[in-house]
Amino acid sequence: MNHLKEEEFIDILMGEPHEMALRNHLDQCPECLQQFRVLERGLEAARLVEPQVPPMPVRLLSHRRFGRQKSLRRFFWLAAAAMLTLSILGFRVEMGSGRFMFQFSMLGGSSQAQEKRLAVLEQRLFEALELNAAITQSQLNAHLNTFYQERDEELDTFTQALGEKMMDLELKNAQYLVNVKDDLSHQIGIRRSPKGALQ
Amino acid sequence: MKHLEDIELVTLTKSGNGHAFDILINRYQTKVTRLVYRYVQDTDTAMDLAQDIFFKAFRNLKKYNGESKFSSWLFRVSINESIDYLRRIKVRSEKSLDHFRETGFEVTDRGADQDIAGNFETAQERQHIRQALEELPSQLKTAIVMKIYQDMTFDDIAETLEIPVSTVKSRLYKALHSLGGVFRQRSFIEKRGQL
């Protein structure tokens with residue numbers, strides 16, 4: 001048996017146009033009927049807690065207010081763009097001692113003065129680079145000298161220690177050889193007969 | 001100009017006639033406010049949101065291409081704004097069962113003095129139902145709001161939400177089944193407790 005679909009349940013529940021066969025099936029199918037009862041209770045519950053909308057005071061709305069809002073926003077963005085542009089151009093306002101001073105540092109004014117200033121800045125930059133290079137080389141030399149010195153000192157120490165070790169090993173080796181010779185001599189002496197003949 | 005259709009007023013607004021939009025505002029302000037109220041359940045908030053909705057509609061009118069009814073498009077904006085508002089303030093976290101036990105049911109509730117078939121007798125039961133409704137996914141809750149509370153046709157709902165009619169009915173089914181199932185479970189538990 002094909003049970004009712006969700007949409008068919010809703011059509012019956014909400015009074016939408018539907019075929020009589022659906023209603024007949026509902027009456028004859030306990031499972032579908034049980035589901036339908038659940039939906040009925042859900043509908044009752046939803047209607048019971050329906051928010052009652054109180055009388056709403058009518059607020060005067062007009063496109064003019066929206067236009068002002070749009071204008072304000074547009075004005076804000078234009079002002080922000082203008083300030084950004086001016087700051088890029090180097091616009092500066094100075095106030096003090098009861099006077100104002102406006103200054104553009106990039107556009108306008110004397111171009112020769114600007115070039116002269118740039119040349120001075122360039123010269124200073126080269127001097128700074130050279131000085132930096134000189135300082136760097138001298139520091140590098142100092143580091144290298146220190147490194148060589150330390151290496152030499154460590155090498156002397158290492159060589160001395162190695163020499164002592166080798167001497168120690170040689171002594172031990174020589175002592176071992178002497179011992180072996182003594183043992184051999186002793187062995188040979190035992191094997192000789194009392195009259196001195198080899199057996 | 002008041003006799004003009006919505007689409008004609010929209011065309012006039014787009015061409016720069018602001019008074020045409022004022023007519024649209026007058027025509028739909030109450031409906032939009034009432035729809036928003038179903039979600040936020042506060043008069044001042046509903047009116048503020050309605051103003052924002054009309055401002056947004058005015059600003060985005062160029063996006064309305066006339067394929068659906070203006071009212072459907074406007075209601076869609078209203079529903080989205082309402083749902084976004086609820087998400088922002090997280091209404092559910094501000095309310096508690098204790099608060100409602102202290103204050104009782106809201107006086108605006110329909111049937112506060114009625115007893116429908118003796119099934120929903122206590123304020124606590126109504127609060128339980130209300131909580132279950134609020135906890136529904138927004139899509140299912142919207143189906144209940146638009147069909148049961150706003151009494152819109154399935155075709156209008158489908159056009160507003162830009163979904164098929166069958167999907168609207170399916171969502172309504174799931175919403176009502178969920179509410180009905182919650183209450184049935186609670187009644188069963190209470191009856192067992194009484195035995």
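Just so we're on the same page: letters track the sequence lines, and every chain starts at 1.
- For A46(B), the part lying under 4.5 angstrom from a heavy atom of chain A is the side chain only.
- Here the CD atom belonging to E44(A) is positioned 11.5 Å from the CG atom belonging to L176(B), to the nearest 0.5 angstrom.
- For the pair Y37(B) and P54(A), the tightest heavy-atom approach, listed with the atom from each and the gap, is CZ-CD, 3.4 Å.
- Contact of D42(B) with chain A is not made at all, since no heavy-atom distance falls under 4.5 Å.
- If you take CG on L172(B) and CD1 on I10(A), they are separated by 4.0 Å, rounding to the nearest 0.5 Å.
- The minimum heavy-atom distance linking H177(B) with V38(A) is given by the pair O-CG1, 3.7 Å.
- The CD atom of Q150(B) sits 9.0 Å away from atom CD of E50(A), with the distance rounded to the nearest 0.5 Å.
- Remark: I129(B) CD1 to R47(A) CZ distance equals 13.5 Å, nearest 0.5 Å.
- No donor-acceptor pair under 3.5 Å is formed between the side chain of R126(B) and the backbone N or O of V49(A).
- Note: S166(B) OG to E6(A) CD = 10.0 Å, rounded to the nearest 0.5 Å.
- The greatest number of non-hydrogen atom pairs below 4.5 Å with chain A, out of A132(B), A20(B), S170(B), A50(B), is found for S170(B).
- For CD of E19(A), the number of neighbouring non-hydrogen atoms (other residues, nucleotides, ligands) closer than 6.0 Å is 12 at most.
- At a threshold of 4.5 Å between non-hydrogen side-chain atoms, the residues Y173(B) and L13(A) do not count as touching.
- In this structure, K5(A) places its NZ atom where only 12 or fewer heavy-atom neighbours from other residues, nucleotides or ligands lie under 6.0 Å away.
- L155(A) and F147(A) fall into different hydrophobic clusters, defined by Ile, Leu, Val, Met, Phe, Trp and Tyr side-chain heavy atoms under 4.5 Å apart, directly or through other members.
- Atom CD of E127(A) is surrounded by more than 12 heavy atoms from other residues, nucleotides or ligands within 6.0 Å.
- If you take CG on L39(A) and CG on L179(B), they are separated by 10.5 Å, rounding to the nearest 0.5 Å.
- In this structure, K169(B) does not pair ionically with E16(A), as no charged nitrogen and carboxylate oxygen lie closer than 4.0 Å.
- Annotation: side chain of Y39(B) is not in contact with side chain of P51(A) (no heavy-atom distance under 4.5 Å).
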